[in-house]
Amino acid sequence: MIYFLVFSAITAVLGLATAAAAHDAALAIFGYGLFGFGVMFALFLVKRHFDEVDAARH
């Protein structure tokens, strides 16, 4: 799981870098979308981990 979390963080940083370097709106939107994907995927991984821990307790 930690590898995917690192991948998600790298994806989010690359998305922000892409949006910052964009000279047109399409590339900026793509960068922000990549950033959003990275953040949401990381949050999904954290949620999944704690759901598994909670299910193991019951």
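Side-chain N or O atoms of Ser8 include none that pairs as donor or acceptor with a backbone N or O of Phe4 at under 3.5 Å.
The two residues Ala22 and Ala28 make their nearest non-hydrogen contact at CB-N, 3.5 Å.
Residues Tyr3 and Leu45 share a hydrophobic cluster, clusters being chains of Ile/Leu/Val/Met/Phe/Trp/Tyr side chains in contact below 4.5 Å. Clustering ILVMFWY residues whenever any of their side-chain heavy atoms sit less than 4.5 angstrom apart, transitively, puts Leu34 in a cluster other than the one holding Ile29. Val46 and Val6 end up in different hydrophobic clusters when Ile, Leu, Val, Met, Phe, Trp and Tyr side chains are linked at under 4.5 Å.
Between the CZ atom in Arg57 and the CD atom in Glu52 there is a gap of 13.0 Å [rounded to 0.5 Å].
With sequence neighbours excluded, the residues satisfying ring pair (Phe, Tyr, Trp, His ring centres under 6.0 Å) with Phe41 are Phe37.
Here the side chains of Asp54 and Phe50 are not in contact, with every heavy-atom distance at 4.5 Å or above.
If you chain together ILVMFWY residues whose side-chain heavy atoms come under 4.5 Å of each other, Tyr32 ends up in a group of its own. Using a 4.5 Å cut-off between side-chain heavy atoms of Ile, Leu, Val, Met, Phe, Trp and Tyr, Val39 falls into a hydrophobic cluster with Leu16, Phe35, Met40, Leu43.
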